[in-house]
Amino acid sequence: REIREMEERRDLARLQMEEIQSARIEPGEDGRLEEERTRLRHAEELRSAVGGAYQGIYERDGAVISEVARFEQELERAARLDRRIEPARQALQSVRAELEEAALQLRDLRNRLPMDPNRLEEVEDRVQLLNRLKRKYGPTLEEVLRNGERLARQMDDLEEKRRERKRLQAEAGAAAEELLSRAFALSERRREAAGRLSEAVERGLSLLAMEGTRFEVRFEEEGDASGPEPQEALERLGPEGIDRVEFLLSPNVGEAIRPLARIASGGELSRIMLAVKTILAGNASVETVVFDEVDSGIGGGTAETVGEKLRLLARYHQILCITHLPQIASKGAVHFQVSKDVKDQRTEASIAELDSEDRVREIARLLGGKQISPKALAHAREMLGQAPPRLTASPGSPGRPGSSPR
């Protein structure tokens, strides 16, 4: 942008710079020319005044110097008779010396005074040129010179900007080449890993009651290292590389494989997420993962497997899981109970953290229903890994309808 703006002003700046430089201005030239022009304009008058003064002082009959010299000689003779006259004679002698010096200066000036109409015309033209430049770039001749230097620097700056742009383009080209090389290498490694990920996810899903599920990773063809041109690849390049990746799923045997985001149910998504997160647990950067409906359509041993995987995943992430299955709930480290109550004809939801005994009762309720038996409590303690109480446990009160541990 800077170069474009400077190029737009370049032609005008060059004309202005050349106009100033072609004038070959010297500092203080305008003042000297003004004096010379005045002398040339009044040359005849000056010659007359200088010549007349020279002749009157030195050259013609009865010139001032001749008279002073005569008076000096007479006073010299008189001073021999009266010594008081000597100071006056000496004063005349000093005057005569100064008159001689003045006469010499007048003679030199008379000889140097120009009588050249052509020179006057040259000076007039030069003064007009300088005045025009001062009106355009002044107001003083020094300011004109400074503007000329500034315009010259602008032209130099333009060339420097062009050199800098060329250097930056070379650096950007080298960086783009390295960046694309790394992006293509990353893409190749991703493609190699995609097959392993698909196999691992399918194995994980088979343990989560999704046997026969097909999982694939699809790359857009444009992301192939042999596909796009460098400029096209750069345009599609982002913080995550040049690949456009989509997960595909076929949850049932015989069904076509389709984009995961379009066909998976909430429960399936939770289990797929669980499988993927379990595989990538040590590498993922997400801190918190929420699972809802992960228990949809499963039970028994599958639920136990899901719970174990969630507990394993909790080593690397904070896991929030909403569930109604005791096999899953018992794997949690902290439990919250969410319940709904009707107060003043309005339904209110509340959440409360459960203590150790409350956890046992809630797991037992999930195991046994409304009526919590001693066997259910004992089973709940076993699932939670708690030792049986020293005193006989009360059957406890039934859980509240609509509640579930979280």
Practice task
Begin with the C-alpha distance, continue with both residues' side-chain angles, and end with the deciding distance and a verdict on side-chain contact (heavy atoms from CB on, under 4.5 Å) for Asp358 and Gln337.
Solution key: CA-CA 9 Å; Asp358 288 336; Gln337 182 190 58; over 6 Å; no
Close side-chain approach of [X] to [Y], heavy-atom, < 4.5 Å:
| X | Y | result |
| --- | --- | --- |
| Val95 | Phe71 | no |
| Thr38 | Glu35 | no |
| Gln169 | Arg165 | yes |
| Thr305 | Glu308 | no |
| Leu274 | Val289 | no |
| Phe215 | Leu248 | no |
| Leu367 | Met383 | yes |
| Glu202 | Met210 | no |

Do the charged groups of [X] and [Y] touch, with an N to O distance under 4.0 Å?
| X | Y | value |
| --- | --- | --- |
| Glu67 | Arg70 | yes |
| Glu29 | Arg24 | no |
| Glu362 | Arg365 | yes |
| Glu160 | Arg163 | yes |
| Arg39 | Glu36 | no |
| Arg37 | Glu34 | yes |
| Asp344 | Arg346 | no |
| Glu74 | Arg89 | no |
| Arg182 | Glu178 | yes |
| Arg214 | Glu216 | yes |
| Glu143 | Arg146 | yes |
| Arg236 | Glu220 | yes |

If you measure from [atom1] on [X] to [atom2] on [Y], what distance do you get to the nearest 0.5 Å?
| X | Y | atom1 | atom2 | answer |
| --- | --- | --- | --- | --- |
| Lys340 | Glu348 | NZ | CD | 12.5 Å |
| Thr140 | Leu130 | OG1 | CG | 12.0 Å |
| Leu109 | Leu46 | CG | CG | 9.5 Å |
| Gln55 | Arg60 | CD | CZ | 7.0 Å |
| Leu249 | Thr213 | CG | OG1 | 6.0 Å |
| Ser330 | Arg311 | OG | CZ | 7.5 Å |

Handout entry: Cation-pi, Tyr58 ring and Arg107 (6.0 angstrom, 45 degrees)
Key =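 Ring-cation test returns no.
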Exercise for the section: Run the numbers on Glu72 and Leu75 for side-chain contact (heavy atoms from CB on, under 4.5 Å), then give the verdict. Expected result: CA-CA 5 Å; Glu72 181 187 352; Leu75 289 177; 5.9 Å; no
Exercise for the section: Check the pair Arg132, Arg135 against side-chain contact (heavy atoms from CB on, under 4.5 Å), reporting the backbone distance first and the verdict last. Expected result: CA-CA 5 Å; Arg132 183 173 70 253; Arg135 286 192 299 270; 3.7 Å; yes
Any side-chain to backbone donor/acceptor pair from [X] onto [Y]? Under 3.5 Å, distance only.
| X | Y | answer |
| --- | --- | --- |
| Arg189 | Ala185 | no |
| Ser206 | Arg203 | yes |
| Ser198 | Ala194 | yes |

Minimum heavy-atom distance [X]-[Y], with the two atoms named:
| X | Y | result |
| --- | --- | --- |
| Asp243 | Arg190 | OD2-NH1, 3.1 Å |
| Ala63 | Ile57 | CB-O, 3.4 Å |
| Ile85 | Ala78 | CD1-CB, 3.6 Å |
| Arg361 | Ile372 | O-CD1, 3.6 Å |
| Ala303 | Leu325 | CB-CD1, 3.6 Å |
| Ile319 | Ala314 | CG1-CA, 3.7 Å |

Problem - Distance-only donor-acceptor check, side chains Ser187 and Arg191, under 3.5 Å - result: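 Checked: Ser187/Arg191 side chains pair up, N/O donor to acceptor below 3.5 Å.
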Exercise for the section: Evaluate side-chain hydrogen bond (donor to acceptor under 3.5 Å, both in side chains) for Gln128 paired with Glu124, printing each intermediate quantity in order. Expected result: CA-CA 6 Å; Gln128 291 179 9; Glu124 292 283 6; 4.9 Å; no
Practice task
Check Gln386, Arg381, His335 against Ser356 for a side chain to side chain donor-acceptor pair (under 3.5 Å) and give me the one that passes.
Solution key: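 Testing each of Gln386, Arg381, His335 against Ser356, the sole residue satisfying side chain to side chain donor-acceptor pair (under 3.5 Å) is Gln386.
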Exercise for the section: Determine, step by step, whether Phe247 and Val217 satisfy the side-chain contact (heavy atoms from CB on, under 4.5 Å) criterion, reporting the C-alpha distance in whole Å, the side-chain angles of both residues, the deciding distance to 0.1 Å, and the verdict. Expected result: CA-CA 5 Å; Phe247 290 162; Val217 181; 3.8 Å; yes
Problem - Neighbour count above 12 (heavy atom, 6.0 Å) for Arg32 CZ - result: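 Yes.
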Handout entry: Whether over 12 other heavy atoms sit under 6.0 Å from Glu164 CD
Key =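 Check passes, neighbour count above 12.
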Exercise for the section: Before giving the answer on salt bridge (charged side-chain N to carboxylate O under 4.0 Å, His left out), spell out for Arg84 and Asp82 the whole-Å C-alpha distance, their side-chain angles and the decisive distance to 0.1 Å. Expected result: CA-CA 5 Å; Arg84 290 176 301 176; Asp82 188 346; 2.9 Å; yes
